[in-house]
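In what follows, chains carry the letters A, B, and so on, assigned in the order in which the sequence lines appear, proteins first and then strands, with residues in each chain numbered from 1. The model shown is predicted, which means the values in this text are computed figures rather than measured ones.
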Amino acid sequence: MSETTSEKRRQYPFDAIEPKWQRYWDEHKTYRTPNPGDEGFDPSKPKCYVLDMFPYPSGDGLHVGHPEGYTATDIFSRHKRKNGYNVLHPMGWDAFGLPAEQYAIKTGQHPRLTTERNIERFRAQLKRLGFCYDWDREINTTDPDYFRWTQWIFLQLYNSYLDENTGKARPVSELEAQGLSRDEVDARRLAYVAEVQVNWCPGLGTVLANEEVVDGKSEVGGFPVERRPLRQWMLRITAYAERLSNELEGLAWPEGIKRHQREWIGRSEGAEVRFALDGSGESITVFTTRPDTLFGATYMVLAPEHPLVDRVTSQSRKDAVEAYRKEIAGKSDMDRTALAKVKTGVDTGGFAVNPVNGGKIPIWIADYVLISYGTGAIMAVPAHDERDFEFATQFGLPIQLVVEAPPGNTEKCFTGDGVSINSGFISGLPTPEAKRRITAWLEERGLGRKTVNYKLRDWLFARQRYWGEPFPILWRDGRHEAVPEAELPVMPPELEDYLPTGTPEPPLSKAREWVRYSDNAVRETNTMPQWAGSCWYYLRFIDASNKERFVGAEAERYWMGSGGAPGGVDLYVGGTEHAVLHLLYARFWHKVLFDLGYVSTPEPFQRLVNQGLILGEDGQKMSKSRGNVVNPDHVVREYGADSLRLFEMFLGPLEQVKPWSTRGVEGVNRFLGRVWRLFLESSDEGANWALSPKVRDIAPSGRQLKVLHETIRKVETGIESLSFNTAISQMMIFANEFTTAEARPVSALAAFLHLLNPFAPHISEEIYEALQRRFSALPAGSLSELPWPRFEEQYLVEDTVEVVVQVNGKLRDRVTVAADAGDEMVKAAALASERVREHTAGRQIVKVVVVPKKLINVVVKP
RNA sequence: GCCCGGGUGGCGAAAUCGGCAGACGCAAAGGACUUAAAAUCCUUUUUCCGGCAACGGGAGUGCGGGUUCAAGUCCCGCCCCGGGCACCA
């Protein structure tokens with residue numbers, strides 16, 4: 001009979017001890033974290049807030065990628081807790097979203113049911129991995145007690161505007177007090193309604209994101225997609241562009257992520273320049289980052305949607321312009337910006353006047369100019385802009401050189417900094433100076449001004465979905481207003497079917513009774529996007545069951561307290577896929593709440609770490625279709641949760657991409673077996689275990705103390721820097737060292753269990769319990785709650801050191817010298833070495849480099 | 001095209017500040033225990049040359065240069081792999 005792995009003898013009885021300790025922790029609420037003012041709260045301890053990106057509880061259950069980051073934060077949290085911190089380490093569910101809704105459409109089952117079922121499964125799986133979450137703080141974004149506050153925060157945005165003078169959000173009531181009209185106030189709210197172009201897919205009955213549209217058709221199903229204007233809720237994130245960009249500065253985030261966010265926000269400095277329309281009093285304003293090239297503007301381009309297109313188009317060009325605009329209207333942004341595309345556009349027949357030299361230049365429309373950026377119009381300088389160059393070449397438009405490139409430049413179209421030429425009063429000036437000079441010139445004459453533009457767009461916040469937060473908004477006489485706070489949460493209606501309506505009307509509109517709020521008011525029927533719930537969940541964890549407020553003020557101050565740093569959460573771990581959107585949106589909401597005085601720090605997350613992807617055993621991305629998905633449940637069943645945790649950390653650096661290896665799991669499982677047998681023995685093939693007589697109450701040797709303290713140090717620094725793989729290596733060295741010892745000093749072994757505990761909490765608790773029964777001098781209680789051993793430098797100090805001796809950089813010998821020996825003595829010892837003399841014989845010694853306690857390099861003439 | 005991340009044994013990797021390259025683990029080979037196997041324990045394992053051997057010598061961190069007494073680590077120029085972005089004036 002062939003043998004399967006599950007029949008193999010277990011290294012140690014993890015299948016018995018893991019459930020035992022999980023039950024113990026649950027029953028004793030070992031990881032319950034009291035808030036200030038709660039019973040058991042110790043205000044003398046410093047705080048540490050350790051956060052995971054909470055998961056979407058999908059129907060597939062946990063993936064081995066989830067436990068990677070979760071184990072890292074778990075180890076970090078346990079270490080902090082053992083070192084005298086109050087640690088906040090919570091978990092919850094980001095549970096609104098499309099999969100549950102689509103399942104509902106197919107089966108008629110309410111999304112709440114599938115969501116609950118999936119959460120049950122996820123929670124059970126996470127508990128089986130022994131994480132030290134305070135489950136009393138569990139939250140769920142679809143819980144009315146949660147989303148009432150998501151809706152409440154939305155109302156704060158709705159009721160606020162950005163005060164230009166202070167750059168901070170203020171209540172719109174201040175504007176009303178200043179006597180601004182209703183329209184003026186509405187135009188300044190941070191949450192506002194606008195008509196925007198969306199991708200509407202009649203076939204699917206929904207609006208699609210740009211990424212979901214390919215070649216003008218829906219990615220799913222291949223139905224045609226139209227661009228159409230739709231009334232949408234928007235959030236004015238652009239008002240915060242400057243702060244979102246600048247305030248990244250003080251955060252301990254990976255540089256790559258910061259750069260990515262800055263690029264996404266895309267701040268660019270330049271000038272707006274007004275071009276008069278030939279033969280009319282009107283003008284077109286363009287944005288340019290290169291006002292110094294104004295003399296080289298040989299034509300102008302408007303976005304096809306630009307409102308002035310009709311005014312500039314000449315009679316003879318009307319048909320061509322109309323045809324082009326129609327063609328463009330049907331295309332998605334994706335198609336319009338498709339790569340390596342040939343540029344398109346048409347001449348409007350109109351002309352503009354270049355303000356610096358009075359030259360008449362033709363006005364074209366082309367889709368390479370976007371209506372949503374800058375002013376939707378550009379001055380084209382084909383000599384110094386690649387896009388303009390390409391367009392001009394294609395349509396035979398003139399190219400006028402106005403910047404001289406530095407010598408040696410061979411580019412056909414030079415876009416860098418140089419010296420202005422053929423440019424009147426700025427000729428001869430280097431680019432930066434030319435920019436300043438011409439901008440000042442334009443400003444003096446009222447023809448332009450210095451401006452800053454951002455790539456960042458306002459956030460389209462409405463979705464035509466069922467399974468999302470309803471807006472706390474009413475419509476009365478064509479005007480929106482807030483649902484009274486006392487009526488929150490606004491619950492979604494019960495529906496018979498969740499099918500799209502076939503029109504841009506959201507599914508909520510089918511609930512007639514629900515929509516009708518009163519005789520003259522109806523409810524908003526859009527719902528919020530999935531991002532909404534995750535924008536503030538880290539705040540709710542602080543005070544998850546507060547009925548009065550989204551988070552209690554005192555608890556918020558304590559857990560988000562940062563000792564002067566901008567961010568409150570001490571460690572935030574998650575995947576790079578959220579590098580931009582989630583982190584940007586959360587920062588935006590946080591800043592608004594900060595401005596309004598609801599939170600105490602300007603930034604949410606101080607230290608951010610991205611865990612790397614775990615690939616399949618074949619080095620490919622894990623996917624069902626490749627059949628290389630590793631199920632964590634199987635690993636736990638075969639090797640235990642401690643082995644899974646330890647292996648995921650031993651695999652390699654947390655932030656690196658790395659492949660799974662089943663053999664590797666066996667390796668760490670064997671290590672845990674070795675640790676087990678360091679303490680326990682079995683006379684009956686592992687059916688029963690008893691503490692080994694080799695474990696004794698004796699003093700450790702100097703060598704053992706050295707290994708122990710080396711291990712304490714490496715594990716400590718490894719945890720702080722999240723280099724768990726090297727910490728584990730060092731623990732393996734410890735185990736190897738003590739396995740060979742006939743008598744094993746209990747003090748050193750007990751200290752080791754403390755070090756292992758954050759990594760492998762179950763086995764370490766179990767062994768410690770057995771140890772404590774025999775050696776009653778050891779403190780009683782759960783290892784998780786006992787203090788971390790103290791590292792003592794003195795045990796690492798040795799009387800003698802081995803010094804490497806090189807001749808011309810090549811290793812030739814080693815000499816052992818007293819640790820406090822002077823350079824001259826060490827040098828003498830090295831030169832006295834026979835092996836060294838063989839290599840220096842008959843050659844002149846040029847110099848001798850001495851690196852104290854490490855190395856000597858004897859340099860000789862060849 | 002642009003921007004990140006990465007290239008070190010058969011494999012995953014390690015190497016504070018430039019100072020013994022390959023710790024630790026996997027795999028492989030040999031041995032002990034066993035009737036046998038599994039499990040466990042011990043030994044070897046970058047590569048080439050010489051030697052029965054202990055050992056000795058040379059090369060070696062993607063490639064080519066450079067700085068330095070000394071380079072995986074710093075500088076310049078390339079190559080390859082993985083990920084992301086998409087005409088933002």
Report, one pair per line, the protein and nucleotides 25-27 of chain B atoms (nitrogen or oxygen only) whose separation is under 3.5 Å.
unit_1 : atom_1 : unit_2 : atom_2 : d
B/G25  : OP1    : A/N736 : ND2    : 3.1
B/C26  : OP1    : A/R670 : NE     : 3.2
B/C26  : OP1    : A/R670 : NH2    : 2.9
B/A27  : OP2    : A/R670 : NH2    : 3.2

Check residues 294-303 of chain A and write down every donor-acceptor pair under 3.5 Å in which the side-chain atom is one partner and the other belongs to a residue at least two apart or another chain.
unit_1 : atom_1 : unit_2 : atom_2 : d
A/T298 : OG1    : A/P398 : O      : 2.8
A/Y299 : OH     : A/Y368 : OH     : 3.4
A/Y299 : OH     : A/D388 : O      : 3.1

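Nearest to the side-chain atoms of A/K854 among the listed nucleotides B/G58, B/G19, B/A89 stands B/G19. Closest contact between the side chain of A/R835 and the listed nucleotides B/A39, B/C20, B/G57 involves B/G57. Residue A/T740 has its side chain nearest to B/C42 when only B/G12, B/G57, B/C42 are considered.
Judged by atom type and distance alone, A/K343 reaches the base of B/C87 through a side-chain donor-acceptor pair under 3.5 Å.
Helical stems of RNA chain B (runs of at least 3 Watson-Crick or G-U pairs, donor-acceptor distances under 3.5 Å) are listed by first residue: B:1-7 with B:79-85, B:10-12 with B:24-26, B:28-32 with B:40-44, B:46-50 with B:55-59, B:62-66 with B:74-78.
The pair A/R10-A/D15 counts as a salt bridge, with a side-chain nitrogen and a carboxylate oxygen less than 4.0 angstrom apart.
Rounded to the nearest Å, the gap between the P atom of B/G10 and that of B/C52 is 27 Å. Across B/C75 and B/G7, the matching P atoms stand 15 Å from one another, rounded to whole Å. If you take atom P in B/C74 and the same atom in B/C26, they sit 32 Å apart, rounded to whole Å. B/A54 and B/C81 have their C1' atoms separated by 44 Å, with the value rounded to a whole Å. Straight-line distance between the C1' atoms of B/C41 and B/C33: roughly 8 Å, to the nearest whole Å.
Along RNA chain B, the nucleotide nearest to A/R713 and the one nearest to A/H839 differ in position, and the one closer to the 5' end is contacted by A/R713.
Ring geometry for A/F734 against A/F738 counts as parallel: the plane angle stays under 30°, on a 0 to 90° scale with 60° as the upper cut.
Looking only at side-chain heavy atoms (C-beta outward), A/P254 and A/L608 come within less than 4.5 Å of each other.
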